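To start, the structure itself, in structure tokens.
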Amino acid sequence: MAKTNPGQFVRQVRQEVARVVWPTRKEAAVSTVMVFVMVVLAALFFLMVDQVLAWGVKLIFGLGG
């Protein structure tokens, strides 16, 4: 691998950063809200699965209330 000097590295980094397409404030907000919605849906799904499995274990082994 070829070594680059620090000045060349900084120039290359600046070139790459200039190519980045940053999201707008609205796009970032919508993405953030969607992440939170998906986290809540996943949490509810796994809560439901956990409750069904717990019920099944209690039914099979007669454990608990």
Side-chain angles (χ1 to χ4, degrees):
M1 180 187 302
K3 295 196 177 216
T4 59
N5 63 33
Q8 186 179 7
F9 175 76
V10 170
R11 282 191 297 279
Q12 289 174 353
V13 168
R14 285 181 167 213
Q15 288 174 349
E16 289 298 321
V17 170
R19 294 181 192 164
V20 173
V21 179
W22 298 99
T24 64
R25 183 176 295 272
K26 183 179 178 183
E27 289 171 336
V30 168
S31 296
T32 302
V33 169
M34 290 305 297
V35 167
F36 280 116
V37 167
M38 293 306 296
V39 166
V40 169
L41 290 175
L44 291 173
F45 171 76
F46 286 115
L47 173 67
M48 188 171 45
V49 168
D50 183 58
Q51 293 300 314
V52 169
L53 291 175
W55 174 78
V57 168
K58 286 179 187 176
L59 184 66
I60 292 171
F61 294 114
L63 300 173

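Because the structure is a prediction, the values reported are computed rather than measured.
Transitive grouping of hydrophobic side chains (ILVMFWY, heavy atoms separated by less than 4.5 Å) brings F46 and L53 into a common cluster. V35 and V30 fall into different hydrophobic clusters, where Ile, Leu, Val, Met, Phe, Trp and Tyr side chains are chained together by heavy-atom contacts under 4.5 Å.
I60 CD1 to W55 CH2: the interatomic distance, rounded to the nearest 0.5 Å, is 9.0 Å. Going from atom CE of M34 over to atom CG of L41 covers 8.5 Å, rounded to the nearest 0.5 Å.
Minimum heavy-atom separation, A28 to P23: N-CB, 4.5 Å.
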task = For the pair Q8 and R11, evaluate side-chain contact (heavy atoms from CB on, under 4.5 Å) and give the outcome as yes or no after the intermediate values.
result = CA-CA 5 Å; Q8 186 179 7; R11 282 191 297 279; 3.7 Å; yes

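Listed for the Q12 side chain is no donor-acceptor partner under 3.5 Å among the backbone atoms of F9.
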